[in-house]
Amino acid sequence: MNRPTIVIIGAGLGGAIAAFDISHTLGDRARVVVVSRGDIFHFTPSNPWVAVHWRKKAAIEVSLPEVMKRKGVEFIGVGASGIRPHEKGIDLSDGRTLHYDYLVIATGPELAFDEIPGLGPDGHTVSICHVDHAVEAAAAFDRFVENPGPIVVGAVQGASCFGPAYEFAMILDTELRRRKVRDKVPMTFVTSEPYIGHLGLDGVGDTKGLLESEMRQRHIKWITNAKVKSVDAGMMHVEEVGEDGAVKTTHDLPFAYSMMLPAFRGVEAVRGVEGLTNPRGFVLVDKHQRNPTWPDIFALGVCIAIPPTGPTPVPVGVPKTGFMIESMVSAISANLKNILDGREPSNEASWNAICLADFGDGGVAFMAQPQIPPRNINWSASGRWVHTAKVAFEGYFLHKVRKGQAEPIYEKLALDLIGAHKLRRVTKSSPTPETLP
């Protein structure tokens, strides 16, 4: 009997786990193929640690081909250059073409540094978005410590991933204090969020109070509702916007070291495919993680389109956090099983979020169920235990990837115990979400 071919594009936090979960769920009923630009998995949440030498790059890497082979998954370490949904074809960057029966897009984003003059590793700021960027940021930090000066950290307009910016600002503060040079380094946090702790989620619990308190304690000034206009060598030009969207004041911020998270957009392979993506290049999905135009295409993670939680004076995107992404994986695996069983997809991701933001000597944790408000659970807390928990989670997740596991039974039992489910429990009285724009 011919087995359908399921192709997963991307092998990051979402794509690797999707490969393990789909292969486990479907067994030998389908051929599972992963297409990835390169053979190495990197644990992205550890990048802020790499940038201050708390981790070596090799410590957060996993070679994927052998792991995938053990799990019965074919691995192609060549990136996709284009998708042709009419023909169910994927163009690879080496000139080959790959056919699929079902496609799972888990590419992550393209980093839009070019949208602001002077931004990014090719400009005048460092990045922690990729482990190679973090290695470069660590080298720049070593040079900075030899001749310290002002630091500017934050996230630009249109950014949708704010947690790492807060983490890196606090981690820098911790490391500078350890090196006994914090007194020589004025720090400013610049963000497009309407208030500190918004996080693209309109806050979770008291993240506003917790993060403002941390910044005051650490002598970090901040500018919210900020638009970065351009970055010169040693100088960032920022507009601060009022509630009406008009420019309230401008800031010329000198810096000797700066890390600003960019806005994201969809990757070139999918951007502009009619019916597949929005104008920004993010993949459109319905409540089953399936594209409305091309029902044989599913998507998960940072590459999907999610509308903002509400209007803000400066554009702010919605983050796709780790547990939320894993819930999308679970929904896609279950829905592919439905399809192979001759039934319509019926499973919905819970989009619950459990996050640990490490500050080196403490941190902030939050749980949002679901991630997008209104919520059934809206909790946040801080303490030294968060750093310990983040270190433990890093080790656990890397262990999962090395073993090729999506959700070991003990993880499922622990999550069930605290009510953090990956699939939404739909009842007859449950409202039906609309297709996401």
Side-chain angles (χ1 to χ4, degrees), residues 3 6-47 49-50 54-77 104 106-108 130-131 298 300-302 320-334 336-337 347 349-350 352-356 358 388-418 420-423:
R3 297 183 302 161
I6 300 171
V7 177
I8 302 164
I9 302 180
L13 289 172
I17 296 300
F20 305 146
D21 200 31
I22 291 170
S23 177
H24 174 75
T25 301
L26 301 182
D28 60 3
R29 298 179 67 189
R31 172 192 176 214
V32 181
V33 182
V34 170
V35 172
S36 171
R37 186 170 294 160
D39 294 351
I40 305 298
F41 169 90
H42 302 104
F43 186 62
T44 304
S46 294
N47 287 350
W49 293 344
V50 173
W54 294 358
R55 288 292 183 279
K56 296 295 185 184
K57 177 183 175 182
I60 63 168
E61 292 182 333
V62 179
S63 179
L64 289 173
E66 185 57 36
V67 177
M68 294 292 178
K69 184 178 180 181
R70 290 201 313 267
K71 292 299 173 179
V73 176
E74 297 177 40
F75 185 85
I76 300 174
V104 179
T107 59
H130 189 278
V131 68
F298 294 80
L300 63 97
V302 182
K320 291 89 172 183
T321 56
F323 189 84
M324 180 187 187
I325 292 171
E326 290 196 55
S327 79
M328 298 180 199
V329 168
S330 296
I332 290 173
S333 294
L336 285 169
K337 184 177 186 300
N347 298 278
S350 66
N352 292 335
I354 303 172
C355 291
L356 300 168
D358 171 60
T388 304
K390 185 70 175 271
V391 172
F393 178 72
E394 175 199 53
Y396 173 69
F397 200 95
L398 285 167
H399 173 76
K400 279 206 309 184
V401 175
R402 292 184 180 115
K403 291 292 185 181
Q405 296 176 311
E407 187 183 55
I409 186 62
Y410 48 83
E411 178 184 324
K412 185 178 188 307
L413 291 172
L415 292 172
D416 285 346
L417 188 65
I418 64 173
H421 305 292
K422 291 182 179 176
L423 292 180

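Numbers here simply count residues along the sequence, with the first being 1.
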Please tabulate, one pair per line, all N/O donor-acceptor pairs under 3.5 Å involving side-chain atoms of residues 54-62, not counting sequence neighbours.
from  : atom 1 : to     : atom 2 : distance (Å)
Trp54 : NE1    : Glu175 : OE1    : 2.8
Arg55 : NE     : Glu394 : OE1    : 3.1
Arg55 : NE     : Glu394 : OE2    : 3.1
Arg55 : NH2    : Glu394 : OE1    : 3.0
Lys57 : NZ     : Asp132 : OD1    : 2.7
Glu61 : OE2    : His42  : NE2    : 3.2

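Put simply, CG on Leu13 and OG1 on Thr44 are 5.0 Å apart, with the number rounded to the nearest 0.5 Å. Atom CG of residue Asn352 and atom NZ of residue Lys422 lie 11.0 Å apart, to the nearest 0.5 angstrom. With values rounded to the nearest 0.5 angstrom, Arg31 atom CZ is found 14.5 Å from Leu26 atom CG. To the nearest 0.5 Å, atom SG of residue Cys355 and atom CE of residue Met324 are 10.0 Å apart. Atom NZ of Lys71 sits about 9.0 Å away from atom NZ of Lys403, to the nearest 0.5 Å. Expressed to the nearest 0.5 Å, how far CG of Asp39 lies from CD1 of Ile76 amounts to 11.5 Å.
Between Ala11 and Phe75, the closest heavy-atom pair is CB-CE1, 4.4 Å. Taking all atoms of both residues into account, the shortest heavy-atom contact from Ala331 to Ala349 is CB-N, 3.6 Å. Smallest separation of non-hydrogen atoms from Ile354 and Ala420: CD1-CB, 3.7 Å. In terms of heavy-atom proximity, Ile17 sits nearest to Gln405 at CD1-O, 3.8 Å. Among all heavy-atom pairs drawn from Val401 and Phe20, the shortest one is O-CZ, 3.8 Å. Counting all heavy atoms, side chain and backbone alike, Ala18 lies closest to Ile8 at C-CD1, 3.9 Å.
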Evaluate the side-chain contact (heavy atoms from CB on, under 4.5 Å) criterion for residues Ser63 and Ile40: first the C-alpha distance (whole Å), next the side-chain angles of each, then the deciding distance (0.1 Å), finally the verdict.
CA-CA 5 Å; Ser63 179; Ile40 305 298; 4.1 Å; yes
Are Val67 and Phe41 close enough, and set up right, to give a side-chain contact (heavy atoms from CB on, under 4.5 Å), and what steps lead you there?
CA-CA 11 Å; Val67 177; Phe41 169 90; over 6 Å; no
Starting from the C-alpha separation in whole Å, work towards a yes-or-no answer on side-chain contact (heavy atoms from CB on, under 4.5 Å) for Phe298 and Ile6.
CA-CA 10 Å; Phe298 294 80; Ile6 300 171; over 6 Å; no
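Ring geometry for Phe43 versus Phe393: interplanar angle of 30 to 60°, hence tilted.
In this structure, Ser330 and Asn347 have side chains that are not in contact, with every pair of non-hydrogen atoms separated by 4.5 Å or more.
The side chain to side chain contact (heavy atoms under 4.5 Å, CB included) test with Glu74 singles out one residue from Val7, Val35, Val33, and that residue is Val33.
Between the side chain of Ser350 and the main chain of His421, a donor-acceptor pair closer than 3.5 Å is present. For Thr321 (side chain) and Ala353 (main-chain N/O), no donor-acceptor pair under 3.5 Å exists by modelled atom type.
Sparse packing is recorded around NE2 of His24, with 12 or fewer heavy atoms of other residues, nucleotides or ligands lying under 6.0 Å away.
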